[in-house]
Structure formats: C-alpha cells, structure tokens
Colleague: 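Quick one: the structure is below, and I'll ask about it shortly.
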Amino acid sequence: MATVKLENITKIYPGDVKAVDSVNIDIKDQEFVVLVGPSGCGKSTTLRMIAGLEEISEGTLKIDDKVVNDVPPKDRDIAMVFQNYALYPHMTVYDNMAFGLKIRKFPKEKIEELVNEAAGILGIENLLERKPKALSGGQRQRVAVGRAIVRHPKVFLFDEPLSNLDAKLRVQMRAEISGLHNKLKATMVYVTHDQIEAMTMADKIVVMKDGFIQQIGSPLNLYNEPDNLFVAGFIGSPPMNFMPVTISKEGKKVIADEGDFKIEIKGDIAKKLETYNGKAVMMGVRPENLQVNTKGSKEDSITATVQVIEQLGDEIQLHLTTNQSSIIAKVAPTMTFKVDDDIFFSPDDDKVYFFDKETELAIR
C-alpha cells in the first residue's frame, strides 16, 4: 500500500481565511488514521487536500515519499468514499462499481473479476443488477465502498461515510469497515465528527480544532493522557467533568478546593501542583472515575445533588450539580437514587487530571 506524509500543510481561502494551519501528520503503510473534531475544524478540508480535490496553499504532501501537490486526483492512486455515496442513479450497482475501471480501459474480463471480488467481500453479490434508488442507505454505502475497493488503490479516504445512517446501522458499518481494513491491509484515512467512531476504529487519532492539530496518538493514549482541556473534553462519552479549583497546601497535603468541597491530591501529580499553590486550575474527572461514598461522609468527597437520572440498562448516568459545577457520574445499575438526593463522591486518586487555566495545557 502506501505512506502519506503531510508537512506544514495549510489551506487559505479568499479573504485570508485559514481553514487548515501548518498540519503535520505521518501516516504509515497499512495504518488506519482517523481525523476527528467538531464541524469546521478543518478535517474534511485536510482529507480533500490529500485527495487532490482542494489545492494546497502551503506545505508539502507526499504519497510514498513522492511529492504530489500538483499531481491530479486521478493520478494519485487514491480512492474516496463520500458522505452522500455519490452513486450514479441511472447505473446499476455493477456499472457503478465498474465505472472507474472502464474509464481506465481495463479489459472486460478483469473488470468482471474485480467487481465480483469486491461484491463478495462486502456481501452485495445479489445487488449487482439493482439501481441505487432500490437500495437502503447501508447498501448504498457498501456499493460506494465497493467502488473504491475494485481499484486496489494505495490509499482509501473516507469522508464521514456513516453520518447518513441510523444508529444501529452505523455500529454495524463501523465493524465492517474495521474488518475491511484488516482484510485488505490497506492505508486508510477516515474523517468523522463522532469521537466514538474514532475511538473504536483508529490505529491513530488526529484531533483537530480551528484548523490546528490538538493531539495525535492512539485511542487509549488520547483517552488516558490528553494534552489539553479540549482533547480531554472531546474524547470520551460522556465527556470528562471539569471543575474550577484552587490549589493550596495544608502542611504536607496538597488540596484542591472547589468551594463546596476540598480533596487531597495524592500521587506524583501532587508534587507538580505544589508550584500552583494559591492558583486556580481546572480539575478533570471522567464519569466512570467518580466513586460513590455510600457511608455519606463529606470528608474528602464531592457533594452533589441529583438533577437527572438516565437508566441505560448496564449502568446509570447521574447528572449532578454542586454550587459551582455540573458533573456526570456513571454508577452501577443496582444503585437506587431519586432526583434532589444529595450524594457524596470521591474521585479515583490516580484518575484526576489538572489543566492550567491560562494555557489550557495538561499539568503532568
């Protein structure tokens, strides 16, 4: 397959609008890389520059160590799967999948072999004579993927391919695309705004915001070691809870004081926080790392009032408020709560995060 390298890639639109600013990404052969971020962060623009559908304003794009900035899309040996499927409505599934091969003047026998091979991989052999209007959303998406597969490209590009599908089908197609990656041993670049898609599919995630890369890493690396406040809040569902606290020292203890509660900070992070004595920082705790103190002790606990109870079968999500903050906690489905109950929580000692309020960078 292929490697893809983006070196200081920038996209400037008329009016000096920077959609993508100095992006550096190194995509290895056979790697599944997901670009994720909120709408307008520059992820689709980055993908379209790799495809050659957007002109690169500054920087260098390499595919297999060859600079392709000025190479037309048809000569980059990439295949792209679009959000809206982009199928020809007047053509059958077979002809849609065969179209790119016919343009490249492949022999008829070879086209038939490649289309049937791709249809077999995707389980759509019985759909080859249908037209797109006779297909469901999931079937259309498989055809769009099949059209990419038949060409055996160096790189597959996916631009939010599952966003038009219902929730159940999205889960199924996620698994199918991941399985396809393992089967084809292909280099894939995938764009989504859905961080669950990113976490479940990627070898490597690129988190973007406002045209800048915020962090690059494996799903677990981003989840356990976010570089800044944005990544910490974006990766994880429900998102990380944030509470403004003031750091103080009481003897040898390092204390995080939220106003409603005080928590002693333990472990290696406590030493680092000593330099923030008297300063305000943001404290972050993931919903699953808040432990209910069933004894009802306020000591070293967060006191919060239940506002909303979400029963999810395998867990309960409690939406809570302190006087200063709104937080979410995941608890066991066997626990019983009522709205307006006051509950005491303690965060896991080694699962508390702190962020500088000015720079928003993680304090480690």
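Values reported hereafter were calculated over all heavy atoms of this structure, with side chains retained and with hydrogens, waters and symmetry mates removed.
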Colleague: With no hydrogens and no angle check, is any side-chain donor or acceptor of Gln141 less than 3.5 Å from a backbone partner on Pro161?
Modeller: yes
Colleague: Is the shortest distance from a Lys or Arg side-chain nitrogen in Arg174 or Glu197 to a carboxylate oxygen in the other one below 4.0 Å?
Modeller: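 A salt bridge is absent here (no side-chain N lies under 4.0 Å from a carboxylate O).
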Colleague: Side chains of residues 327-335: which donor-acceptor partners sit under 3.5 Å, not counting sequence neighbours?
Modeller:
none

Colleague: Where the side chain of Asn228 meets the backbone of Glu360, is there a donor-acceptor pair that is under 3.5 Å apart?
Modeller: no
Colleague: Taking NZ, NE, NH1 and NH2 as the nitrogens, is one of them in Glu250 or Lys253 under 4.0 Å from a carboxylate oxygen of the other?
Modeller: no
Colleague: Classify the ring geometry of Phe355 against Tyr353: parallel below 30°, tilted from 30° to 60°, perpendicular beyond 60°.
Modeller: parallel
Colleague: Using the ring of Tyr13 (Phe, Tyr or Trp, six-membered ring only), decide whether Lys11 places NZ or CZ under 6.0 Å from its centre and within 45 degrees of its axis.
Modeller: yes
Colleague: Please report the closest heavy-atom contact between Leu87 and Arg140, naming both atoms and the distance.
Modeller: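 Where Leu87 meets Arg140 most closely, the heavy atoms are CD1-O, 3.9 Å.
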Colleague: Could you state whether Leu169 and Leu122 fall into the same hydrophobic cluster, counting links through intermediate Ile, Leu, Val, Met, Phe, Trp or Tyr residues with side-chain heavy atoms under 4.5 angstrom apart?
Modeller: yes
Colleague: Write down the atom of Met243, the atom of Ser325, and the distance for their closest heavy-atom approach.
Modeller: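 So the minimum-distance heavy-atom pair works out to CG-OG, 3.5 Å.
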Colleague: Between Gln215 and Glu225 (side chain of the first, backbone of the second, donor and acceptor by atom type, cut-off under 3.5 Å), is there such a pair?
Modeller: yes
Colleague: Is it true that Asp348 and Lys266 have a side-chain N and a carboxylate O under 4.0 angstrom from each other?
Modeller: no
Colleague: I need the Phe82 CZ to Ser44 OG distance, nearest 0.5 Å.
Modeller: 10.5 Å
Colleague: Is the closest basic N to carboxylate O distance between Asp95 and Lys102 below 4.0 Å?
Modeller: yes
Colleague: With salt bridge (Lys or Arg N to Asp or Glu O under 4.0 Å) as the criterion, how do Arg76 and Asp64 come out once you've worked through the C-alpha distance, each side chain's angles and the decisive distance to 0.1 Å?
Modeller: CA-CA 10 Å; Arg76 294 191 182 191; Asp64 268 351; over 6 Å; no
Colleague: Taking Thr92's backbone N and O only, do any of them form a donor-acceptor pair with Glu129's side chain (distance below 3.5 Å, no angle check)?
Modeller: no
Colleague: Find the distance between CZ (Phe230) and CD1 (Ile235) and round it off to the nearest 0.5 Å.
Modeller: 8.5 Å
Colleague: Within the distance-only criterion (no hydrogens, no angle test), does the side chain of Arg151 pair as donor or acceptor with the backbone N or O of Asp77 below 3.5 angstrom?
Modeller: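 No.
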Colleague: Kindly say whether Tyr85 contributes a backbone atom to a donor-acceptor pair with the side chain of Arg147 at under 3.5 angstrom?
Modeller: yes
Colleague: Which heavy atom of Ala148 sits nearest to which heavy atom of Pro153, and what is that distance?
Modeller: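 Nearest heavy atoms, Ala148 then Pro153: O-CD, 3.4 Å.
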Colleague: Could you report the tightest heavy-atom contact between Pro239 and Gly233, atom names first, then the distance?
Modeller: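 Reported closest heavy-atom pair: CB-O, 3.3 Å.
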Colleague: For side chain to side chain contact (heavy atoms under 4.5 Å, CB included), just list the numbers for Thr3 and Ile27, CA-CA rounded to whole Å, side-chain angles, deciding distance to a tenth of an Å, and then say yes or no.
Modeller: CA-CA 6 Å; Thr3 59; Ile27 301 168; over 6 Å; no
Colleague: Any donor and acceptor pair, going by atom type alone, linking the side chain of Glu176 with main-chain N or O of Met173 inside 3.5 Å?
Modeller: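 Pair absent, no side-chain N/O of Glu176 close to backbone of Met173.
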Colleague: Can any side-chain N or O of Asn24 pair as donor or acceptor with the backbone N or O of Asn8 at less than 3.5 Å?
Modeller: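 Yes.
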Colleague: If you measure from the Lys or Arg side-chain nitrogens to the Asp or Glu carboxylate oxygens, is any gap between Asp65 and Lys62 under 4.0 Å?
Modeller: no
Colleague: Kindly determine whether Gln317 and Val308 satisfy side chain to side chain contact (heavy atoms under 4.5 Å, CB included), including the steps that lead there.
Modeller: CA-CA 8 Å; Gln317 289 183 11; Val308 176; over 6 Å; no
Colleague: Mind running side chain to side chain donor-acceptor pair (under 3.5 Å) on Asp257 and Ser248 for me, showing each step along the way?
Modeller: CA-CA 7 Å; Asp257 186 345; Ser248 61; 5.6 Å; no
Colleague: Would the distance check show the side chain of Asp21 and the main-chain N or O of Gly211 forming a donor-acceptor pair, the cut-off being under 3.5 Å?
Modeller: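 No, because the side chain of Asp21 does not come within donor-acceptor range (under 3.5 Å) of the backbone of Gly211.
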